[in-house]
Structures are given as structure tokens and as C-alpha cells.
Amino acid sequence: MDSTEIRQRFLKFFEKRGHAIIPSAPLVPENDPSVLFNTAGMQPLVPYLMGEPHPQGKRLANSQKCVRTQDIDEVGDNTHDTFFEMLGNWSLGDYFKEEAIKWSFELLTSDEGFKLDPKRLYVTVFAGNDDAPKDTESFDIWKKYIPENRIYFLGFNGKKEPNWWEAGVNGPCGPDTEMFYDVTPEGLGDMTKEEYLKADDEQKVVEIWNNVFMEYVKKDGKVVGKLPNKNVDTGSGLERVVMALQGKNNIFDTDLFKPLMDKLTEFSTSNDKDSIRSKRIIADHIRTSVFMISDGVTPSNTDQGYILRRLIRRAVRKMKILNIEPSLLKECSEVVIEKYKTVYKDLSEKKDVIFKILEEEVEKFKKPLDWVSLYKIDIEDAKKGVIKKIKDIPILSSTDTASAEYVYQNFQTYGVPTDLSIEVIIEAGLKFDQDLFDKKFKEHQDMSRAGAEKKFKGGMGDTSEKSLQYHTATHLLHQALRTVLGNHVSQKGSNITPERLRFDFTHGVKMTDEEKKKVEDIVNEQIKKALPVEVVSLTKSDAEKTGALHFFGDKYGDTVTVYYIGENIEQAFSKE
Ligand code: SER
């Protein structure tokens with residue numbers, strides 16, 4: 001079975017059992033600023049798990065796009081990836097443990113489902129702790145399908161984290177039961193709990209499904225009570241299921257990755273002994289980047305954009321190591337689009353944007369990438385005492401430690417991701433003061449946040465005379481844009497620094513050069529008139545009668561301030 005059929009079988013199975021099939025939410029959460037990306041199928045459904053009725057009913061199923069980057073260093077082993085799809089079925093206060101477990105077993109083993117060998121299945125259940133009691137109910141249900149000696153109660157006493165799922169310190173949570181599949185060629189047979197835990201560590205068994213029985217709610221990390229409903233949240237990592245079904249011991253040999261892995265082998269001329277691992281990292285990072293870009297992420301130095309930038313750059317660096325020309329990134333991303341375009345239809349539509357963003361990023365990275373090799377030379381020189389500082393920043397803070405300022409400078413000025421810099425430092429046999437770096441980084445963030453807050457206040461980042469002039473110019477620009485483009489133009493934001501002004505507005509199409517010229521001429525013409533800038537206090541209704549622009553809903557009181565530019569309010573060029 002190929003991955004497309006596996007995904008399809010999962011959804012059909014639950015559709016037949018009364019579930020509405022819902023589309024994947026975008027990777028970037030729409031209403032949850034606490035996480036950068038959806039990391040589990042349940043994340044976009046949190047409001048419904050908390051009790052809000054879902055428009056499509058109480059039984060739902062889907063395949064949700066997810067990104068997890070906390071295990072990025074493990075990518076390239078057999079099972080870790082940064083992007084994955086999570087197959088899931090949900091009961092929002094409808095069925096509970098009995099049906100959820102029964103259907104999991106049926107889907108995994110029946111002909112209608114995945115036809116997996118039940119003798120290779122192992123199951124874990126919640127052993128109980130201060131938050132909730134031991135889940136004997138799930139144990140008893142599982143006994144109907146699997147021999148008792150292959151069902152293990154896990155808690156900290158089992159040397160592993162308890163079978164418990166929560167999305168963060170606040171929100172819905174509950175005990176879970178997890179299903180593992182034996183992927184060894186010979187088959188492991190019956191195992192004691194200790195043997196099973198060892199097999200798990202050695203990736204001889206892989207988790208293929210998790211059923212969470214969400215009936216509790218946490219606040220600040222503590223269970224504070226029960227949810228209005230008893231819910232089921234299940235999650236099955238598609239890549240791992242495909243690996244189990246296709247009899248592979250790693251996800252990169254499945255049809256989800258194979259075409260891209262083959263492409264990389266075709267392009268590479270390196271005999272590097274780590275080339276398999278590098279290839280897997282490149283494949284993973286390109287696939288994730290394609291999906292991130294298709295969901296609107298663009299490379300930058302903050303938040304989601306920074307993660308994307310890091311993935312692209314890391315892929316490019318590994319490509320260089322394998323002697324793959326970075327411009328081939330485009331062809332590689334095309335392989336990903338081909339693989340997924342029937343399932344995620346937007347990929348084809350966004351193809352050109354994806355290519356363009358990747359291309360631009362590779363172009364931008366050319367400098368810092370070359371700079372990494374220079375950086376190596378800097379460090380070697382610094383170690384030998386040939387040079388000590390670059391642009392007044394010391395390279396080393398002591399004989400065996402690279403300075404935090406230096407690494408920070410790389411990031412700030414050249415956009416070299418910190419982890420790349422640290423890799424180079426470690427390769428050079430030096431130490432690095434991560435704590436000091438984190439402190440520097442945080443200081444910088446706090447500073448820019450304070451700066452941003454200041455800028456939001458009336459668009460004034462600076463109170464110098466220049467800024468005042470720019471502020472006046474935004475009013476002129478606002479009116480000029482309306483004159484040229486139409487009255488739909490309205491200010492969405494503005495930002496002034498001592499060097500320039502920025503004015504945000506929406507307009508359906510890109511402005512033509514001719515339109516820009518017209519706007520510019522109008523503004524300059526008004527400036528040349530040296531008109532007075534006046535301010536009056538009026539009642540709201542009087543202000544409206546003057547025709548002054550106002551865009552802020554009901555936010556103002558009965559008396560408002562009107563700024564106008566011109567000899568009198570009636571004939572003023574601009575009134576706001
Ligand atoms: N939320 C659980 C998980 O991510 C089950 O979907 O594993």
C-alpha cells in the first residue's frame with residue numbers, strides 16, 4: 001500500500017463509522033499565539049475539546065499537517081522528521097474508550113484497514129499518578145484483542161514517561177494508550193516489560209498510534225478538574241504507519257521520502273561516510289520548507305520565519321557537504337510537490353511562490369555560507385593569535401572559548417544561524433558560552449520589543465522634528481493615495497523612524513510606476529505649498545460633517561481631535 005492509499009483508508013474507515021472528514025488546518029495556528037506551528041492533530045481542535053460545539057458534529061477525522069522542531073538533532077535517525085502528518089479521529093463527548101480501542105485494533109489489523117500482523121502489536125496503558133488513577137478500564141478492553149502479556153502499564157516506575165497527553169501547561173489532557181509495532185525482520189515475540197522498553201529504545205518497536213482519553217483540564221501544569229465532555233483524541237503518525245506497512249525500518253525508505261532520497265543520490269558526487277544521514281536531513285528539511293512556504297511562512301530572523309530560514313540553510317549546508325549545487329534545491333522541492341499534490345492541492349498552485357522563495361533564500365545565503373568557511377579561518381587564526389578581533393568584537397573570550405558577542409554578531413549582521421556557528425566552533429575544538437549568548441540574545445529581544453511598543457504609539461518611533469514632519473507626510477500620502485487609487489484606501493498602520501516613514505494600506509493590485517509617480521507628485525506639490533498644519537477639537541458629529549477621515553470604529557469618545565493640512569478646514573487637502 002502506498003502512502004496515499006494508507007491515508008485514504010484511515011479516513012474512509014472512520015467516515016463509515018459516522019465521522020465527518022475535516023481538512024487539515026494550516027501549519028501556523030490561526031488562533032493560538034502560544035505555539036509557532038501545530039504540533040499535533042488536536043491543537044486546532046482545542047476549543048472543541050474544551051466544550052465548544054463543532055459545526056461538523058461530534059465525530060471527526062482528518063490528516064493534520066504538523067511541525068515539531070524540538071527533536072531537530074535526531075532528524076536523520078530512523079524515525080524523526082520535522083514535518084509529519086497526523087492521522088486522527090475525534091469524539092467530542094460521543095464514544096469513549098470501548099469504541100476507540102476497538103476501532104484502533106480493527107483499523108490496524110483488518111482487511112478493511114491496514115492488515116498489520118496482530119502478533120507484532122504491543123500496547124501501553126496509563127499506570128496512574130497524582131493527576132489521575134490507573135487506567136484499568138483500557139487494560140480490560142485491550143485484553144479482548146491482544147494477549148495480556150503484551151499490554152504494559154507505564155508510569156515513571158516503568159522508567160518511561162507516563163502515558164499522558166497534554167498540549168501545554170493549560171488545556172485539555174488525559175491518560176492515553178499507545179500502540180507499538182515490531183519492525184524487526186525476525187519478529188520479537190513475547191517480551192517482558194523490561195525487554196519491551198529496551199526494544200523501544202533501540203527503535204525495534206515504533207509507536208504507530210496514540211489514543212488519548214481527554215476528560216481532564218490543566219491549569220498552570222496542574223489538573224484542576226474534569227472537562228464538560230469525555231473526549232477521544234487519537235494521533236497516528238502517517239510516516240511511521242507507512243514505514244510499518246511497507247516493511248521498512250526507517251521512514252526515509254518509504255514512498256513518502258524515496259523519490260527525494262533518490263534524487264539526492266543522483267545529484268550527489270560525494271563519498272562522505274555520513275552521506276546517508278546528510279541526505280535524510282536535506283530531504284526532511286526541504287519537505288518541511290515546502291509545506292511551511294505553502295502555508296504562508298517566509299524566511300526571516302524571527303518566529304516561524306526563523307525556523308524556515310534555519311531549515312533551508314541547514315539543507316543547503318548539507319548539500320554543499322555532499323557536493324550538491326544549492327541551486328538544485330528547486331528540483332528537489334519539485335519532487336516534494338509532485339509527491340503530495342493530489343492530497344494537498346494548493347501545492348501546485350503555490351509552486352512558483354515556493355520556488356521563488358527558496359531561490360531567493362539560497363541566493364541570500366550564498367554570502368553567509370561562504371562566510372562560514374571564512375569564519376573557520378577566523379577561528380583558526382584567533383587560536384594561533386594571528387588576529388584577535390573582527391570589527392572590534394573579540395573572536396575568543398578566553399583561550400579556549402569563542403565569544404558570545406562574536407556569534408551574536410554573525411547572527412545579527414550576516415544572518416548566520418547560531419547553531420551553524422556553534423557547529424563550526426565545536427569542530428574547531430573550542431567551547432562556547434551558551435548562557436551568555438542566551439542572555440545577550442534576550443537583551444536584544446527586550447530592546448527591540450520596547451522599541452516596537454514605542455513605534456505602535458501613534459506611529460511615532462522618535463519625537464524629533466524630522467519625525468513630526470514624517471507624520472505630517474503620512475497624512476499627505478494618505479490623501480494622495482485616495483486621490484489616485486480611490487477611497488477604499490485607508491490606513492492600516494504606520495511606522496516612523498528618523499530615516500523614513502512607512503505607511504500600510506491595502507489595495508487589490510500592485511501599484512504601477514505611473515500611479516506611484518502621481519502620488520509622489522501630489523505629495524511634493526502639497527509640501528511645496530508649505531501649508532499650515534492645524535488641529536481642532538470637535539464633537540464627533542461635527543467632525544464627521546467636515547468630511548475628516550476616521551477609521552477607528554467606536555474607539556473614540558464624544559470629542560475628537562481633527563488634524564487638517566490647509567488654510568481652512570473646509571478646503572483642507574487632508575483632514576483626519
Ligand atoms: N494528541 C496526541 C498525540 O499527539 C494524540 O493525537 O500524540
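Since we're looking at a predicted model, the values are computed, not measured.
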Asks: Does any non-hydrogen side-chain atom of Asn250 lie less than 4.5 Å from one of Thr79?
Replies: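 A side-chain contact under 4.5 Å is absent here.
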
Asks: Check whether any side-chain heavy atom of Leu227 sits under 4.5 Å from a side-chain heavy atom of Met50, and report yes or no.
Replies: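 Touching, per the 4.5 Å side-chain cut-off.
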
Asks: If every non-hydrogen atom of Ile208 is compared with every non-hydrogen atom of Ser236, which pair is closest and at what distance?
Replies: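 Shortest heavy-atom contact: O-OG, 2.7 Å.
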
Asks: Determine the minimum heavy-atom distance between Gly155 and Ala127, stating which atoms define it.
Replies: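 So the minimum-distance heavy-atom pair works out to N-CB, 3.6 Å.
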
Asks: Any salt bridge between Arg277 and Asp77, counting N to O under 4.0 Å?
Replies: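 Looking at Arg277 and Asp77, the cut-off is not met.
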
Asks: Can you spot which of Lys58, Arg59, Arg17 makes a salt bridge (Lys or Arg N to Asp or Glu O under 4.0 Å) with Asp94?
Replies: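 Of Lys58, Arg59, Arg17, salt bridge (Lys or Arg N to Asp or Glu O under 4.0 Å) with Asp94 is met by Arg59 alone.
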
Asks: Could you tell me which residues satisfy side chain to side chain donor-acceptor pair (under 3.5 Å) with Lys226, sequence neighbours excluded, listed by chain and number?
Replies: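 For Lys226, the residues satisfying side chain to side chain donor-acceptor pair (under 3.5 Å) (neighbours in sequence not counted) are Glu215.
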
Asks: Compare all side-chain heavy atoms of Pro55 with those of Tyr48 and state whether any distance is below 4.5 angstrom.
Replies: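 Heavy-atom side-chain distance check passes, below 4.5 Å.
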
Asks: Run through Arg313, Lys356, Lys330 and flag the one making a salt bridge (Lys or Arg N to Asp or Glu O under 4.0 Å) with Glu361.
Replies: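 Testing each of Arg313, Lys356, Lys330 against Glu361, the sole residue satisfying salt bridge (Lys or Arg N to Asp or Glu O under 4.0 Å) is Arg313.
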
Asks: Side chains of Thr4 and Gln8: do they bring a donor and an acceptor to under 3.5 Å?
Replies: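 There is no such pair between these side chains.
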
Asks: Flag the pair Thr234 / Met42 as yes when at least one side-chain heavy-atom distance between them is below 4.5 Å, and no otherwise.
Replies: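 Side chain of Thr234 against side chain of Met42, heavy atoms only: no contact under 4.5 Å found.
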
Asks: Tell me, do Phe114 and Tyr181 make a side-chain contact under 4.5 Å, heavy atoms counted?
Replies: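 Counting from C-beta outward, Phe114 and Tyr181 never come under 4.5 Å.
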
Asks: For residues Ser3 and Leu256, report the shortest heavy-atom separation together with the two atoms involved.
Replies: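 For Ser3 versus Leu256, the nearest heavy atoms are OG-CD2, 3.3 Å.
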
Asks: Return each pair, listed once, that meets side chain to side chain donor-acceptor pair (under 3.5 Å) where at least one residue sits in residues 283-293; pairs must be two or more places apart or across chains.
Replies: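 Matches after skipping sequence neighbours: Asp81-Arg287, Thr82-Asp284, Thr82-Thr288, Glu239-Arg287, His285-Arg314, Arg287-Tyr340.
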
Asks: Run the salt bridge (charged side-chain N to carboxylate O under 4.0 Å, His left out) check on Lys16 and Glu112 step by step: do they pass?
Replies: CA-CA 11 Å; Lys16 266 180 73 178; Glu112 179 194 357; 3.5 Å; yes

Asks: Return the set of residues passing side-chain contact (heavy atoms from CB on, under 4.5 Å) with Val169 (not counting sequence neighbours), or none when no residue passes.
Replies: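 So Val169 forms no side-chain contact (heavy atoms from CB on, under 4.5 Å) with any residue.
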
Asks: Using modelled atom types and a 3.5 Å cut-off, is there a donor and acceptor pairing between side-chain atoms of Ser24 and backbone atoms of Lys65?
Replies: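 The answer is yes, because a donor-acceptor pair under 3.5 Å joins these two groups.
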
Asks: Any ring-ring contact (aromatic ring centres under 6.0 Å, His included) involving residues 189-210? Give me the pairs, sequence neighbours left out, ordered by first then second residue.
Replies: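 Qualifying pairs, neighbours excluded: Phe10-Trp209, Tyr152-Tyr196, Phe180-Tyr196.
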
Asks: In chain order, what residues pass the salt bridge (charged side-chain N to carboxylate O under 4.0 Å, His left out) check against Lys144, with sequence neighbours excluded?
Replies: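 For Lys144 the salt bridge (charged side-chain N to carboxylate O under 4.0 Å, His left out) partners, ignoring immediate neighbours, are Glu98.
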
Asks: Quiz question: by atom type and distance under 3.5 Å, do the side chains of Thr254 and Gln246 form a donor-acceptor pair?
Replies: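 There is no such pair between these side chains.
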
Asks: Pair Glu85, Tyr344 - check side chain to side chain contact (heavy atoms under 4.5 Å, CB included), show working.
Replies: CA-CA 12 Å; Glu85 287 172 85; Tyr344 297 103; 2.7 Å; yes

Asks: Nearest 0.5 angstrom please: Asp200 CG to Lys193 NZ, how far?
Replies: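 Answer for the CG-NZ pair, Asp200 versus Lys193, is 12.5 Å.
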
Asks: For Pro259, which residues count as a side-chain contact (heavy atoms from CB on, under 4.5 Å) partner, sequence neighbours excluded?
Replies: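 Listed in chain order: Val335, Lys339.
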
Asks: Tell me if the aromatic rings of Phe153 and Phe139 count as close, with their centers under 6.0 Å from one another.
Replies: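 Between Phe139 and Phe153, which both carry aromatic rings, the centre distance is below 6.0 Å.
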
Asks: Residues in side chain to side chain donor-acceptor pair (under 3.5 Å) with Asn38, at least two apart?
Replies: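 Expected list: none.
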
Asks: Might you point out which heavy atoms bring Gly41 and Cys66 nearest each other, and give the distance in Å?
Replies: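 Taking every non-hydrogen atom into account, N-SG, 4.0 Å.
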
Asks: With sequence neighbours excluded, tell me which residues meet side chain to side chain donor-acceptor pair (under 3.5 Å) with Lys248.
Replies: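 None.
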
Asks: Mark yes when over 12 heavy atoms from residues, nucleotides or ligands other than Lys119 sit less than 6.0 Å from its NZ; otherwise mark no.
Replies: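 Count not over threshold, so no.
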
Asks: Is it the case that Asn211 and Thr177 place a side-chain donor and acceptor less than 3.5 Å from each other?
Replies: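 Side-chain D/A pair, Asn211 to Thr177: absent.
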
Asks: Please work out which of the three classes, parallel, tilted or perpendicular, describes the rings of Phe96 and Phe213, given edges at 30° and 60°.
Replies: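 Judged by the thresholds at 30° and 60°, the geometry between Phe213 and Phe96 is perpendicular.
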
Asks: Go through the steps for Asp135 and Lys97 under the test side chain to side chain contact (heavy atoms under 4.5 Å, CB included), then give the verdict.
Replies: CA-CA 10 Å; Asp135 190 5; Lys97 297 181 183 177; 2.9 Å; yes

Asks: Any side-chain heavy atom of Glu195 sitting closer than 4.5 Å to one from Asp190?
Replies: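 Answer no - side chains too far apart.
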
Asks: With sequence neighbours excluded, what pairs up with Gln304 under the side-chain contact (heavy atoms from CB on, under 4.5 Å) test?
Replies: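 If we apply the side-chain contact (heavy atoms from CB on, under 4.5 Å) test to Gln304, skipping adjacent residues, the hits are Val28, Leu36, Phe37, Val297.
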
Asks: Short question: side chain of Ser278, backbone of Ser275 - any donor-acceptor pair under 3.5 Å?
Replies: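 The answer is no, because no donor-acceptor pair under 3.5 Å joins these two groups.
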
Asks: Would you indicate whether the side-chain heavy atoms of Cys332 and Phe267 approach each other to under 4.5 Å?
Replies: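 The answer is yes; the side chains approach within 4.5 Å.
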
Asks: Checking Lys115 side chain against Ser110 main chain: does a donor-acceptor pair fall under 3.5 Å?
Replies: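 Judged by distance alone, no pair lies under 3.5 Å.
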
Asks: Tell me whether Glu359 at atom CD has more than 12 heavy atoms from other residues, nucleotides or ligands lying less than 6.0 Å away.
Replies: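 No, because the 6.0 Å sphere around CD of Glu359 holds 12 heavy atoms or fewer from other groups.
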
Asks: Between Tyr122 and Leu188, is the side chain to side chain contact (heavy atoms under 4.5 Å, CB included) condition met? List the steps.
Replies: CA-CA 10 Å; Tyr122 301 85; Leu188 295 161; 3.7 Å; yes

Asks: For salt bridge (charged side-chain N to carboxylate O under 4.0 Å, His left out), just list the numbers for Glu360 and Lys364, CA-CA rounded to whole Å, side-chain angles, deciding distance to a tenth of an Å, and then say yes or no.
Replies: CA-CA 6 Å; Glu360 279 172 8; Lys364 273 195 206 128; 5.2 Å; no

Asks: Side chains of Asn231 and Ser91: any donor to acceptor distance under 3.5 Å?
Replies: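 Ser91 vs Asn231: no donor-acceptor pair found between side chains.
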
Asks: When rounded to the nearest 0.5 angstrom, what distance separates CG in Leu45 from CH2 in Trp90?
Replies: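 Here the interatomic distance stands at 5.0 Å.
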
Asks: Go through the structure and list residues passing side-chain contact (heavy atoms from CB on, under 4.5 Å) with Gln56, not counting sequence neighbours.
Replies: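 So Gln56 forms a side-chain contact (heavy atoms from CB on, under 4.5 Å) with Ala20, Ile22, His54, Leu60.
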
Asks: Evaluate the side-chain hydrogen bond (donor to acceptor under 3.5 Å, both in side chains) criterion for residues Ser268 and Lys279: first the C-alpha distance (whole Å), next the side-chain angles of each, then the deciding distance (0.1 Å), finally the verdict.
Replies: CA-CA 9 Å; Ser268 168; Lys279 245 185 263 172; 5.9 Å; no

Asks: Heavy atoms only: give me the nearest Pro162-Asn129 pair and the separation to one decimal.
Replies: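 Shortest heavy-atom separation between Pro162 and Asn129 comes out as CG-ND2, 4.2 Å.
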
Asks: Among residues at least two apart in sequence or on other chains, which ones pass side chain to side chain donor-acceptor pair (under 3.5 Å) with Gln434?
Replies: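 Scan of Gln434 (side chain to side chain donor-acceptor pair (under 3.5 Å), adjacent residues dropped) gives Asp438.
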
Asks: To the nearest 0.5 Å, what is the distance between CD1 (Ile6) and CZ (Arg9)?
Replies: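 Taking CD1 in Ile6 and CZ in Arg9, the distance rounds to 9.0 Å.
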
Asks: Give me the atom names and distance for the closest heavy-atom approach of Phe126 to Asn163.
Replies: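 Heavy atoms of Phe126 and Asn163 come nearest at CD1-O, 3.2 Å.
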
Asks: Going through the distances and angles, do Leu311 and Ile72 end up as a side chain to side chain contact (heavy atoms under 4.5 Å, CB included)?
Replies: CA-CA 10 Å; Leu311 291 174; Ile72 192 160; 3.8 Å; yes

Asks: Taking only residues two or more places apart in sequence, or in another chain, which ones meet Glu334 in a salt bridge (charged side-chain N to carboxylate O under 4.0 Å, His left out)?
Replies: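 Counting only residues at least two positions away or on another chain, Glu334 forms a salt bridge (charged side-chain N to carboxylate O under 4.0 Å, His left out) with Lys351.
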
